Amino acid sequence: VANGTITDVSVVEYPNGNGRDQEINARALPVLIQETLKAQSADIDMVSGATVTSDGYLESLQSALDKAGL
Amino acid sequence: VSAAAPARQTARFVEHVMGMPISLALRGRHADDDAAAAAWAAVMGTLREVDRVFSTYRPDSFVSRMGRGEIDLADCPPEVADVLTLGDAAERASGGAFSVRLPGPDGRTVLDPSGVVKGWAVERAAAALRELPDTDYCLSAGGDLTCRTLDPGGRPWHIGVEDPADPRRFLAVVPVLTGAVATSGTAHRGQHLVDARSGRPPSGVASVTVVARSLTWADIDATAAYAMGAEAARWLETRPGRSGLVVWDDGTTTTVEPVV
């Protein structure tokens, strides 16, 4: 992470071609982020979290991603 | 991710149902055309119908009426029995920490399938997206999501895991080609985050994120693991095909690797 931007997200790779690709693809591991990130600068598509409700939506990271339309 | 890769064209859609924002990202052939709009309408139609049947906030829903003893399971749409069967399976798998029958304030048991319904409903709603040819999707309901990537060598969806101590921050990123991610924590509306064995909220754990093939089970397992408090990570490690992240009260984390 440099200047608040993810420059390299390591993607865990699993072997392909064993007929269980889809299942294995679901076994992606969370990669911890070491610095504070803002939604606008992070190469993130969607938010998983416990606080995303309609009441708090406009203030949420998910809302920022949806508006950015990336 | 290659530097020469073309710019991604991702279309986004947002609507609200069940007190939650439903966010959809589409990329590929039908990301932003009439077929995409029709699939999105079908997704929202499914979720609204589920809300009418299952909502514990609506006094006239089948589940509310059954909870008051006005109707029986046989009077409900068959999906209600499906969901209760899932709830029973989750109760067995979690040693009773998860249950759709929770101890109420007056000591009586309250029927609340909300812990099963959300993930199950979104998985079901995503069927309309699976019909879109040559199109990848990521569909989220209030922070629980399911995605598909058709090209096994393609760019995975990057799922940011919210920091439970500061929802303006991401704590981790999960790269998912095809699969589901669900997170349970203290602020989850419409979900009674208690250990069903005691009726009390768990201690020691701030949030649990689970990655699984189906959102139905990612959501159930995130809720069940959270309800177990200090046992969250140890239990999740026993669950086949799941991986995840447990964030503890003190801000430390445990990454759970899948059972091989």
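Here is how names work: the chains are called A, B, and so on, in the same order as the sequence lines, proteins then strands, and each is numbered from 1. Just so it is clear, the values below take in all heavy atoms, side chains as well, and ignore hydrogens, waters and symmetry mates. Owing to the predicted nature of the structure, the values given are computational and were not obtained by experimental measurement.
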Undergrad: Provide the closest heavy-atom pair for A:Met46 versus B:Ser140 in the form atom of the first, atom of the second, distance.
TA: CG-CB, 3.7 Å
Undergrad: Identify which part of B:Ala182 has an atom lying under 4.5 Å from any heavy atom of chain A, answering side chain, backbone, both or neither.
TA: backbone
Undergrad: Please classify the contact between B:Leu24 and chain A as side chain, backbone, both or neither, with a heavy-atom cut-off of under 4.5 Å.
TA: backbone
Undergrad: With a 4.5 angstrom heavy-atom cut-off, is it the side chain or the backbone of B:Ser23 that approaches chain A, or both, or neither?
TA: both
Undergrad: Minimum heavy-atom separation for A:Ala28 and B:Pro175, please, with both atom names.
TA: CB-O, 2.6 Å
Undergrad: Is there side-chain contact between A:Leu29 and B:Pro258, with heavy atoms separated by less than 4.5 Å?
TA: yes
Undergrad: Above 12 or not: heavy atoms from other molecules or residues under 6.0 Å from CZ of B:Arg48?
TA: yes
Undergrad: Compare every heavy atom of A:Ala50 with every heavy atom of B:Ser184, then report the nearest pair and how far apart it is.
TA: C-CB, 3.9 Å
Undergrad: Among B:Asp144, B:Thr183, B:Thr209, whose side-chain hydrogen bond (donor to acceptor under 3.5 Å, both in side chains) with A:Ser48 holds?
TA: B:Thr183
Undergrad: Could you measure the distance from the CG atom of A:Leu65 to the OG1 atom of B:Thr10? Nearest 0.5 Å is fine.
TA: 11.0 Å
Undergrad: Taking side chain as everything from C-beta outward and backbone as N, CA, C, O, which of these in A:Ser63 sits under 4.5 Å from a heavy atom of chain B? Side chain, backbone, both or neither.
TA: neither
Undergrad: Under a 4.5 Å cutoff for heavy-atom pairs, which residue among B:Leu245, B:Leu171, B:Thr255, B:Thr253 has the most contacts with chain A?
TA: B:Leu171
Undergrad: Go through the atoms of B:Val256 and report whether side chain, backbone, both or neither lie under 4.5 Å from a heavy atom of chain A.
TA: backbone
Undergrad: Whether A:Asp45 and B:Arg27 form a salt bridge (side-chain N of Lys/Arg under 4.0 Å from carboxylate O of Asp/Glu) is what I want to check.
TA: no
Undergrad: Could you tell me the separation between the OG1 atom of A:Thr53 and the NE2 atom of B:His16, rounded to the nearest 0.5 Å?
TA: 9.5 Å
Undergrad: Tell me, for B:Pro164 versus chain A, whether the close heavy atoms (under 4.5 Å) come from the side chain, the backbone, both or neither.
TA: neither
Undergrad: For chain A, which candidate among B:Cys147, B:Pro167, B:Cys138, B:Gly143 shows the most heavy-atom pairs at distances under 4.5 Å?
TA: B:Gly143
Undergrad: At a 4.5 Å cut-off on heavy atoms, which part of B:Val14 comes close to chain A: side chain, backbone, both, or neither?
TA: side chain
Undergrad: Can you find a heavy atom in the side chain of B:Val173 that is under 4.5 Å from one in the side chain of A:Asp43?
TA: no
Undergrad: Which atoms form the tightest heavy-atom contact between A:Ile44 and B:Arg12, and what is the distance?
TA: O-NH2, 4.5 Å
Undergrad: With a 4.5 angstrom heavy-atom cut-off, which part of B:Leu145 approaches chain A: side chain, backbone, both or neither?
TA: side chain
